[in-house]
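Everything below concerns the one structure shown next.
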Amino acid sequence: MFERIRLQIAIASLVSAFILQPAFSADKKAFVSCTTIVTKVNSFMQKGSEFSKSEKELTEYVASCNKQYEARKAANATQDELKAMQEKLQAEITAKTNAIQSRAKETEAQMVTCINEAVKACCQLEGLDSNSVRISSVQGERPQESEVDLTEKVIARLNAAKSETKLVSPVPIMPKLAPQ
């Protein structure tokens with residue numbers, strides 16, 4: 001008889017814990033650190049390296065254009081020739097910069113979508129409201145006491161998914177030829 005009573009108490013406590021769980025989780029909100037995510041998700045880091053390489057190549061190209069311009073200037077080219085060359089080189093630099101910026105915006109949009117989907121899935125698993133997630137973009141920011149940190153779970157989910165979206169490095173500012 002005591003076994004039966006213990007079993008009933010155990011079942012009652014499990015049922016009450018299951019029923020009360022949403023009430024407890026309603027007090028908690030999710031927290032996600034995007035800066036941590038973009039530095040720990042493999043595919044994001046890979047894309048960051050690609051963008052850094054593109055930015056470096058662009059910087060080298062601008063330096064090459066400046067050398068070409070200076071060489072023409074040293075060869076006593078006319079002002080019209082120098083102006084035409086400057087316009088041509090600036091157009092090429094602008095085209096390359098726009099291509100990088102376009103890829104960066106597209107990748108950033110893919111990354112945001114991917115992170116949002118992972119956050120929603122993690123919130124659902126934890127029984128948290130995905131509409132009240134606090135997403136931090138401040139390096140080193142920690143969750144508050146009333147928040148559940150889902151950052152590591154989101155990272156694990158994104159790394160496991162071998163996501164095709166990647167980190168977007170800062171978009172380079174449109175470079176200009178060196179002043180004449």
Side-chain angles (χ1 to χ4, degrees), residues 29-73 81-126 128-143 147 149-180:
K29 292 184 178 182
F31 170 82
V32 177
S33 172
C34 280
T35 54
T36 304
I37 290 172
V38 296
T39 58
K40 290 188 176 181
V41 173
N42 299 330
S43 58
F44 291 179
M45 291 186 305
Q46 179 186 0
K47 195 59 170 180
S49 296
E50 290 173 20
F51 276 107
S52 293
K53 183 180 175 184
S54 294
E55 189 173 348
K56 183 180 177 184
E57 289 172 358
L58 180 64
T59 302
E60 291 170 356
Y61 182 72
V62 170
S64 168
C65 289
N66 285 328
K67 284 180 185 177
Q68 290 175 29
Y69 182 85
E70 290 301 319
R72 286 291 283 179
K73 190 175 181 180
E81 290 174 335
L82 289 174
K83 184 173 176 139
M85 181 179 193
Q86 181 183 11
E87 289 173 359
K88 176 185 170 257
L89 294 174
Q90 189 62 54
E92 291 173 5
I93 291 169
T94 300
K96 288 179 182 283
T97 302
N98 288 343
I100 292 171
Q101 289 175 336
S102 175
R103 280 193 350 254
K105 285 179 184 177
E106 180 182 312
T107 302
E108 183 177 21
Q110 290 173 347
M111 182 183 76
V112 167
T113 300
C114 188
I115 290 173
N116 285 338
E117 289 173 2
V119 167
K120 284 179 185 176
C122 289
C123 282
Q124 186 176 18
L125 288 173
E126 294 291 320
L128 299 168
D129 181 13
S130 62
N131 295 323
S132 64
V133 176
R134 184 168 69 94
I135 299 176
S136 172
S137 59
V138 177
Q139 181 72 33
E141 187 172 7
R142 307 296 325 151
E147 295 175 328
D149 191 354
L150 297 180
T151 304
E152 292 301 322
K153 291 180 181 184
V154 170
I155 291 169
R157 187 174 199 87
L158 291 171
N159 278 333
K162 296 184 181 173
S163 172
E164 290 301 312
T165 59
K166 315 224 183 340
L167 165 70
V168 178
S169 64
V171 179
I173 296 174
M174 176 93 71
K176 301 271 185 202
L177 289 174
Q180 282 73 57

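Taking every heavy atom of both residues into account, Pro143 and Arg134 meet most closely at CA-NH2, 4.0 Å. The two residues Cys123 and Asp129 make their nearest non-hydrogen contact at SG-O, 4.3 Å. A pairwise comparison of heavy atoms in Phe44 and Met111 identifies CZ-CG, 3.4 Å as the closest pair.
Contact check for Leu158 versus Cys114: side-chain heavy atoms found under the 4.5 Å cut-off. Residues Glu55 and Ile100 have side chains not in contact (no heavy-atom distance under 4.5 Å, counting atoms from C-beta outward). Using a 4.5 Å cut-off on side-chain heavy atoms (C-beta onward), Lys47 and Gln110 make no contact. In this structure, the side chains of Met85 and Gln68 come closer than 4.5 Å at one or more pairs of heavy atoms. Contact check for Lys153 versus Leu125: no side-chain heavy atoms found under the 4.5 Å cut-off. Proximity of Val133 to Leu128: side-chain heavy atoms (C-beta onward) are nowhere separated by under 4.5 Å. Between Asn98 and Gln101 there is a side-chain heavy-atom pair separated by less than 4.5 Å.
The pair Glu57-Lys96 does not meet the salt-bridge criterion, since no charged nitrogen lies less than 4.0 angstrom from a carboxylate oxygen. Ionic pairing of Glu50 and Lys53 is not present here: no N-O contact between side-chain nitrogen and carboxylate oxygen is shorter than 4.0 angstrom.
Interatomic distance, CD1 of Ile93 versus OG1 of Thr59, reported as 10.5 Å (0.5 Å rounding). In this structure, CZ in Phe51 is found 12.5 Å from CG in Leu58, a value given to the nearest 0.5 Å. Rounding to the nearest 0.5 Å places CD of Gln139 at 6.5 Å from OG1 of Thr39. For the atom pair Ile37 CD1 and Glu152 CD, the distance stands at 9.0 Å (nearest 0.5 Å). Distance check: Lys120 NZ to Asn131 CG gives 7.5 Å after rounding to the nearest 0.5 Å. In this structure, CG in Leu82 is found 11.5 Å from CD in Glu87, a value given to the nearest 0.5 Å.
Judged purely by atom type and a 3.5 angstrom limit, Asn159 uses its side chain to pair as donor or acceptor with the backbone of Asn42. Distance alone, capped at 3.5 Å, places no donor-acceptor pair between the Ser33 side chain and the Thr151 backbone.
For Ser132, there are no side chain to side chain donor-acceptor pair (under 3.5 Å) partners, not counting sequence neighbours. A search for side chain to side chain donor-acceptor pair (under 3.5 Å) contacts involving Gln124 returns nothing, not counting sequence neighbours. Residues passing the side-chain contact (heavy atoms from CB on, under 4.5 Å) test with Ser102: none are found, sequence neighbours excluded.
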